[in-house]
Structures are given as structure tokens and as C-alpha cells.
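What follows is a single structure, written as C-alpha cells, with notes after it.
Lettering of chains follows the sequences in order, A, B, ..., and the numbering in each one begins at 1.
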There are 2 protein chains.
Amino acid sequence: MTELKHERLREQLLAMIAQDLTSHERLPTEREIAASFGVSRVTVRRTFQQLEVERRIYRIQGAGTFVGEPVIAKTLELTSFSQDMRQRGLQPGSRLLLSEVISAGDEIGYALGLRPADPVIHMERLRTADGSPMCIDNSYLPSSLFPGLIENFREGSLYEVMADTYGIRLDWADQILRSSVLAESEAELLDAPAFSSAFIVERTSHDQRGRPIERGVSLYRGDRYFFQLRTG
Amino acid sequence: MTELKHERLREQLLAMIAQDLTSHERLPTEREIAASFGVSRVTVRRTFQQLEVERRIYRIQGAGTFVGEPVIAKTLELTSFSQDMRQRGLQPGSRLLLSEVISAGDEIGYALGLRPADPVIHMERLRTADGSPMCIDNSYLPSSLFPGLIENFREGSLYEVMADTYGIRLDWADQILRSSVLAESEAELLDAPAFSSAFIVERTSHDQRGRPIERGVSLYRGDRYFFQLRTG
DNA sequence: AAGTGGTCTAGACCACCCG
DNA sequence: GGGTGGTCTAGACCACTTT
């Protein structure tokens with residue numbers, strides 16, 4: 001139960017849309033809603049703007065505000081592997097394959113804004129869904145930001161440990177998706193045929209201030225995984 | 001030259017950021033900017049909100065507004081193949097392989113909200129970049145929305161024809177990305193080795209009102225193409 | 001012409017951080 | 001405590017579509 005007016009208004013409008021209206025039906029005018037809900041028109045517009053971005057409504061100047069068509073797919077969000085799997089109705093699992101401190105090197109150093117000789121924590125994990133392999137994940141973190149992490153982290157959510165123990169929250173990430181085929185060693189780990197299709201995902205995750213915090217390279221099975229996203 | 005205050009303010013702020021400030025430097029307060037640019041604080045906040053979404057600034061309550069770190073990658077946008085290639089510094093080209101009217105069938109009919117027996121225009125095009133094959137694209141459009149299209153369209157931008165001749169603008173799309181390998185016939189068309197990696201992109205494009213307008217299935221060469229996106 | 005969403009204002013109060 | 005961004009208000013005028 002929040003106390004912000006635009007959030008309460010949002011909930012009430014969503015309920016109204018779900019219960020009383022169908023696609024392309026007109027909503028009450030901004031002025032009517034402002035009056036009947038006891039808020040200012042600015043607050044109504046702010047709420048509408050958010051709903052418009054989410055495609056729940058659309059607005060036509062001079063004509064009105066209308067209910068959008070129901071949409072299933074969600075915008076690709078910055079979620080952990082665990083959240084991602086649960087959204088897909090699968091049970092996430094993880095096995096730590098490797099945990100070490102190495103020099104950043106050129107590529108990772110560049111991504112994290114470190115010198116090539118600076119130490120980074122490297123963790124390699126095999127991620128599973130409903131018990132069978134889905135992804136090989138490599139994470140690289142600046143050692144200086146996470147003292148003691150490598151001795152203490154064995155399982156669970158890396159992102160939660162980063163947030164709870166170190167107070168660092170990932171806010172957004174740049175990602176590059178490539179299509180590839182599995183080498184034999186990778187295929188063996190993933191329990192998939194050699195030379196079958198795969199996604200390579202390279203990401204650089206940042207905090208709210210835009211500082212790079214994590215470099216990651218993941219290899220997903222192409223026969224089990226797909227990306228769903230909305231553009232516009 | 002626009003006349004909207006928040007757009008003019010946006011340009012002036014971007015100039016200020018580029019010329020006088022570096023990453024993580026503090027911007028003037030909202031109230032100072034409002035006073036010095038002769039606009040209200042609401043207008044300043046509206047402009048800041050947009051810049052924040054674009055990661056050009058970040059805000060910390062109680063502390064101030066700060067310049068973000070420069071970012072190269074752009075959010076995946078709904079662009080035509082031609083625009084996409086030009087952004088990547090490549091010269092786009094196209095060859096029409098097939099142009100026909102067929103029944104929608106279950107899958108395309110479902111995506112476009114048509115009955116399986118309703119007619120759709122199907123166009124298959126080989127898209128090239130700097131003269132060599134990049135992608136095989138299949139587009140499906142409701143015949144009823146685009147009378148005469150099939151007789152008149154041979155080359156150029158399909159999206160431009162849809163907008164200019166038929167007044168229908170695509171606004172957003174749901175997409176699914178899969179990783180796959182090329183079958184022999186596909187490999188031949190794309191001038192790539194058989195069984196090399198590829199992206200399958202399935203998209204349903206919509207207009208502003210949320211009505212589905214186009215169903216598309218594209219096959220990209222995995223060795224030449226990649227996706228770049230920002231999540232958060 | 002009437003009504004709609006789009007833009008903009010001046011001012012109030014609250015939540016948060018320590019420039 | 002003083003200053004910052006975050007929320008909210010009542011009201012004005014403009015641009016656009018047509019209930």
C-alpha cells in the first residue's frame with residue numbers, strides 16, 4: 001500500500017481497464033478523472049504517460065485516451081538468471097565451476113574502466129533450468145569493490161550478495177547478442193550436441209551513477225533459450 | 001528549430017554537458033536552471049526526466065543532478081533494415097525474391113488478428129550490406145490494408161511506402177530472437193557455409209493504436225550480424 | 001464550436017543528503 | 001539547518017479532432 005497519488009491512481013485505472021473496458025474503448029477525459037479521483041490533471045497525465053509507455057493505453061490528441069490491446073511479451077529487463085527462469089516457468093539452479101582472482105587484461109579492463117593489471121574476481125557458473133544445463137556464465141568483478149567475496153560466495157544469487165553485503169545495486173546494462181555454435185568442450189558441459197546453435201551474451205552492468213560494475217559473458221543453449229523483447 | 005521549450009532546453013543542456021562538464025560533475029540545480037533559462041521548474045524536470053532515461057544524467061535526491069558516463073550503444077529501436085545498416089556504417093541493398101498473395105494460415109493469422117483464410121501479401125527479400133548477403137526477410141501484411149501494393153512495390157523501403165502511400169506508420173514491435181544454424185538452401189542464398197550460425201527474428205509490428213500491421217520472419221547471418229541493446 | 005490531449009506556469013510541501 | 005530532488009496543485013493557453 002503506497003501513499004503516492006499517482007501510484008494509487010495507476011492501480012485504480014488498471015482495475016477500471018480490466019473490469020469495465022475493452023480494447024480501443026475510450027477512457028474518461030483527463031479532466032474527468034482528475035475531478036472524480038480528487039487529484040490534479042498533472043498527476044493524471046503523469047500516470048497516463050507511464051501507462052502509455054507500457055502500451056496499456058494510447059492517446060490521440062483532440063480525440064481522447066483509449067485502452068490498448070493486451071500484450072503478452074515484456075520488455076527485456078535487467079533481471080538475474082534466476083528471475084528470468086522463474087518468469088519462464090522453470091526452476092533455476094546453479095553450480096560454481098570456478099572462482100579465482102586474475103588480472104583484468106585488456107578487454108575486461110576496458111569494459112570495467114580498470115588497468116589491465118588490476119585484479120578482478122572471475123566466477124564461472126553452470127546455470128540450470130529444471131535441473132538440466134541452460135547456460136555457462138562468466139562474471140568479472142573489480143576485486144577492490146568486493147573484498148572477501150571470493151572466500152564467502154559459493155551459491156545463491158550473486159546479485160543479492162552484491163546488494164545486501166556490499167550495498168552495490170546494478171541498475172542497467174549494455175548487452176551484445178551474438179549467434180554461434182557450441183565447441184565440443186562447451187557442448188559437453190551443456191549436455192548438448194557439438195556444433196548446435198547457441199547465444200553468446202556479452203554484458204557490462206552499471207550502477208545508477210553509470211559506473212561499470214560487472215562484465216559478463218554467457219553462453220546459452222540455442223535450442224532451449226530465446227529472447228523476447230519489445231522495440232519502439 | 002523547434003519552438004517547444006523543453007526541446008530547446010534539452011539542446012542547451014546537452015551543449016552545456018558537452019562543452020563545460022565531464023562525467024559525474026554536478027549540474028546546476030533545477031531551480032537555478034529554471035531561473036537562468038526562463039522556464040518553470042516543471043519544464044526543467046520534464047527535460048531532466050528524458051535525459052535520465054537516456055543515461056545522459058543521473059539524479060540523487062538531496063544531492064543533485066550529475067553528468068552520466070558517455071555511452072556508445074543505443075537502445076534497440078524499431079528501425080528499418082536500411083536505417084539499421086546505415087547506423088552500422090554499411091550500405092544497404094535489397095532484392096525482391098518473391099511477391100504473392102496467400103492465405104494467412106494459423107500462425108500468421110493469429111499474429112495479425114485475421115482468420116486463417118484471409119488473404120495476406122507475402123514478400124520475400126534478400127537484404128544485402130555493402131553488396132553481400134546479410135539477411136533473408138519475409139514480410140506478411142493484411143491484403144485489405146494495402147490494396148495495389150503487390151502490383152506496385154518492387155524496390156525501395158517497404159516502410160516508407162506503407163507510410164507515404166497508405167498512411168500507416170509502424171510504431172512498435174514485439175520480437176523473438178532465436179539462435180539457429182543455416183539449412184543448405186538458406187546458406188546458398190546467403191552465400192555462407194551450410195550449418196553456420198544464424199539469428200531467426202520473428203516480429204509483429206503495430207501502429208500507435210496497438211493494431212498488428214506486419215508479421216515478419218528474418219534470418220540473419222550469425223557471422224556478420226549482432227544485436228546491441230540496453231536493458232534496465 | 002466544443003471538447004480533447006499537449007505544453008507551460010508559479011508555488012507549495014515532503015524526503016533525503018551533507019556539495 | 002539549509003539545500004537538493006520528488007510530489008502535487010490550480011489554472012492558463014495552444015493544437016488538434018470531431019464523442
(message) Before you tell me yes or no, could you show the steps for B:Glu214 and B:Ser139 under side chain to side chain donor-acceptor pair (under 3.5 Å), namely the whole-Å CA-CA distance, both residues' side-chain angles and the distance that decides it to 0.1 Å?
(response) CA-CA 7 Å; B:Glu214 184 221 15; B:Ser139 279; 2.7 Å; yes
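- Each of A:Ala63 and A:Arg46 has a nearest nucleotide on DNA chain D; the 5'-most of these lies closest to A:Arg46.
- Going from atom CD1 of B:Ile60 over to atom P of C:dC18 covers 8 Å, rounded to whole Å.
- The residues A:Arg203 and A:Asp137 are annotated as salt-bridged, a charged nitrogen and a carboxylate oxygen being separated by less than 4.0 angstrom.
- Chain A approaches DNA chain D over the interval D:dT7 to D:dT19, counting the first and last nucleotide 5' to 3' with an atom under 4.0 Å from its heavy atoms.
- Residue B:Arg154 holds its CZ atom at 7.0 Å from CE of B:Met123, rounded to the nearest 0.5 Å.
- Contacts of residues 21-33 of chain B with DNA chain D (heavy atom under 4.0 Å): B:Thr29, B:Glu30, B:Arg31.
- A:His122 pairs by the ring pair (Phe, Tyr, Trp, His ring centres under 6.0 Å) definition with A:Tyr140, not counting sequence neighbours.
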(message) Run A:Tyr225 and A:Asp84 through side chain to side chain donor-acceptor pair (under 3.5 Å) and show every step you take.
(response) CA-CA 11 Å; A:Tyr225 196 80; A:Asp84 185 15; 2.5 Å; yes
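- Relative orientation of the A:Phe81 and A:Tyr220 rings is tilted, given thresholds of 30° and 60° on the angle between their planes.
- Residues from residues 34-43 of chain B with heavy atoms under 4.0 angstrom of DNA chain C, sorted by number: B:Gly38, B:Val39, B:Ser40, B:Arg41, B:Val42, B:Thr43.
- Salt-bridge annotation for A:Glu30 and A:Arg59: present, with a side-chain N of the basic residue lying under 4.0 Å from a carboxylate O of the acidic one.
- To the nearest 0.5 Å, atom OG of residue B:Ser99 and atom CD1 of residue B:Ile121 are 7.5 Å apart.
- Terminal axes of the helix from C:dA1-D:dT18 to C:dC18-D:dG1 (five pairs each, C1' rotation axis) are separated by 10°, to the nearest 10°.
- A salt bridge links B:Glu202 to B:Arg178: one of the charged nitrogens lies within less than 4.0 Å of a carboxylate oxygen.
- Taking the charged nitrogens against the carboxylate oxygens, B:Glu107 and B:Arg215 do have a contact shorter than 4.0 Å, which makes a salt bridge.
- As a whole-Å value, the separation of B:Phe66 CZ from C:dC18 C1' is 11 Å.
- Remark: the backbone N or O of A:Pro119 is paired with a side-chain donor or acceptor of A:Ser143 at under 3.5 angstrom.
- Using a 4.0 Å cut-off between charged nitrogen and carboxylate oxygen, B:Arg10 and B:Glu54 count as a salt-bridge pair.
- Within the structure, the ring pair (Phe, Tyr, Trp, His ring centres under 6.0 Å) test picks out the following pairs touching residues 46-69 of chain B (sequence neighbours left out): B:His24-B:Tyr58, B:Tyr58-B:Phe66.
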